[in-house]
Amino acid sequence: MKKLLFYLLLILVTFISLNGFTQKADWDGPWGVGVGFGPNSYIGDLNEHNANRFLIIPQSLSFAGHGWFSKGFGPISLILQMNLGRLQSRDYTKDQKFRASFYDYGGRLRLNMNQILLGKRYRRDKWNFYIQGGVGLMRFSTYLTDMNNDTLINQVGYAAIGKAMSLTGGAGIKYYMTDEANFHIGVDYHMLNSDEIDAKPKGDSNDSYVYLNIGFSYEFGNIGSRSGSRKSLRWGRF
């Protein structure tokens, strides 16, 4: 009974909060484009069972870049994004390693938490925290090889090409440098529904990767001012 009352109270408070927010929120928003780059780390069957404690850089570390288009609706941004990069790792106990090239594209919903909590007052802050989630499709080509002689152990699909659905969740910080230009720091977790990214035969369905990135974006359209605290990139407004 106490749990039921707690959940009812939580639903009531959430409803009141959202109702008050929707009444004072500005549901217009800008268009945007952005790019970014950073390291990613594979998680799966070949997560380097390594006895060497002196390795500073993980063997599952690689790099990727991304680009996106966005449209804002108040605290919500709809984003179309593509990640392009490499994944790799190795298992020293079995002398196996894999390398994969991939591109991962899909849609996301991003929530500006400052705007949800502060309403229009969020424009006074240069740093805004956001959370996001979405779904996408990954295309990849990957090979699993023997580390001793680089002989091919297994390849996935036709011409070593495969695909997987990708569920994404993440968070980040957006820093407003000017009215239009922004700096981003974020981290995303990508869970895949395929276990073929590492080409490991009879492995567990646990393939995924983490992407830590920095980037820049440019917004245009209905941007709005930020209490005069930022300058514009438009001609004549420096």
Side-chain angles (χ1 to χ4, degrees), residues 30-48 57-72 76-90 97-112 128-144 155-175 181-200 203 205-219:
W31 294 86
V33 293
V35 294
F37 176 80
N40 58 25
S41 181
Y42 157 86
I43 301 172
D45 293 312
L46 269 70
N47 263 359
E48 52 179 295
I57 301 177
Q59 299 299 300
S60 60
L61 184 67
S62 191
F63 292 91
H66 67 276
W68 79 88
F69 298 94
S70 66
K71 177 64 176 79
I76 301 173
S77 293
L78 300 179
I79 298 173
L80 294 177
Q81 179 167 324
M82 174 179 284
N83 295 0
L84 179 67
R86 299 282 299 271
L87 290 171
Q88 64 181 15
S89 192
R90 55 188 65 192
K97 66 179 179 180
F98 89 94
R99 290 185 178 180
S101 300
F102 75 92
Y103 60 95
D104 187 354
Y105 57 94
R108 303 182 184 185
L109 283 178
R110 176 178 293 177
L111 299 180
N112 186 327
N128 277 199
F129 174 74
Y130 64 82
I131 59 174
Q132 62 182 10
V135 61
L137 178 65
M138 171 187 276
R139 297 278 187 173
F140 60 87
S141 60
T142 183
Y143 292 93
L144 179 66
Q155 67 181 35
V156 176
Y158 178 73
I161 296 176
K163 62 182 179 179
M165 295 295 295
S166 174
L167 295 178
T168 304
I173 296 174
K174 179 179 180 180
Y175 177 75
N182 312 289
F183 175 72
H184 298 257
I185 301 175
V187 59
D188 296 325
Y189 175 75
H190 296 254
M191 183 175 63
L192 310 176
N193 74 337
S194 171
D195 192 50
E196 298 178 337
I197 188 67
D198 54 13
K200 178 74 173 178
S205 297
N206 59 357
D207 286 353
S208 58
Y209 71 95
V210 177
Y211 179 40
L212 177 65
N213 57 85
I214 61 174
F216 297 90
S217 67
Y218 183 84
E219 296 178 345

Might you work through the side-chain contact (heavy atoms from CB on, under 4.5 Å) test for N40 and H190, ending with a clear yes or no? CA-CA 10 Å; N40 58 25; H190 296 254; over 6 Å; no
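- Q132 pairs with exactly one of N112, D188, T168 by the side chain to side chain donor-acceptor pair (under 3.5 Å) rule, that one being D188.
- With Y209 contributing its side chain and L87 its backbone, the two residues share no donor-acceptor pair below 3.5 Å.
- Of the residues I79, V33, L80, the one that meets the side chain to side chain contact (heavy atoms under 4.5 Å, CB included) test with S70 is I79.
- When every heavy atom of S208 is checked against every heavy atom of Y189, the shortest pair comes out as OG-OH, 3.2 Å.
- For D104 against S166, the heavy-atom pair with the smallest separation is OD2-OG, 3.2 Å.
- With contacts defined as side-chain heavy-atom distances shorter than 4.5 Å, the pair Y105/L84 does not qualify.
- When all heavy atoms of T142 and I197 are compared, the closest pair comes out as OG1-O, 2.8 Å.
- Across all their heavy atoms, K163 and S194 have their closest contact at O-CB, 4.0 Å.
- With contacts defined as side-chain heavy-atom distances shorter than 4.5 Å, the pair N83/F102 qualifies.
- Using a distance-only test at 3.5 Å, with no hydrogens or angles considered, no donor-acceptor pair links the side chain of S60 to the main chain of S89.
- The local environment of CZ in R99 is sparse, with at most 12 non-hydrogen atoms from other residues, nucleotides or ligands closer than 6.0 Å.
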side-chain contact (heavy atoms from CB on, under 4.5 Å) for W68 and R108? Distances and angles first, verdict last. CA-CA 10 Å; W68 79 88; R108 303 182 184 185; over 6 Å; no
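- In summary, of the residues considered (F37, Y211, F216), a ring-ring contact (aromatic ring centres under 6.0 Å, His included) with H66 occurs for Y211 alone.
- The two atoms that bring Y103 and M82 nearest to each other are CD1-CE, 4.0 Å, heavy atoms only.
- Under a cut-off of 6.0 angstrom, the local environment of CZ in F69 is sparse, with at most 12 non-hydrogen atoms contributed by other residues, nucleotides or ligands.
- Residues satisfying the side chain to side chain donor-acceptor pair (under 3.5 Å) criterion with S62, sequence neighbours excluded, are absent altogether.
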Please test L137 against M165 for side-chain contact (heavy atoms from CB on, under 4.5 Å), starting from the C-alpha separation and ending with a verdict. CA-CA 5 Å; L137 178 65; M165 295 295 295; 4.1 Å; yes
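- In this structure, NZ in K174 is found 7.5 Å from CG in N128, a value given to the nearest 0.5 Å.
- The distance from atom CG of D207 to atom CD1 of I43, rounded to the nearest 0.5 Å, is 10.0 Å.
- For the atom pair Q88 CD and F98 CZ, the distance stands at 7.5 Å (nearest 0.5 Å).
- The side chain to side chain donor-acceptor pair (under 3.5 Å) check on S217 picks up N182, H184, with sequence neighbours excluded.
- The OH atom of Y130 sits 8.5 Å away from atom CD1 of I173, with the distance rounded to the nearest 0.5 Å.
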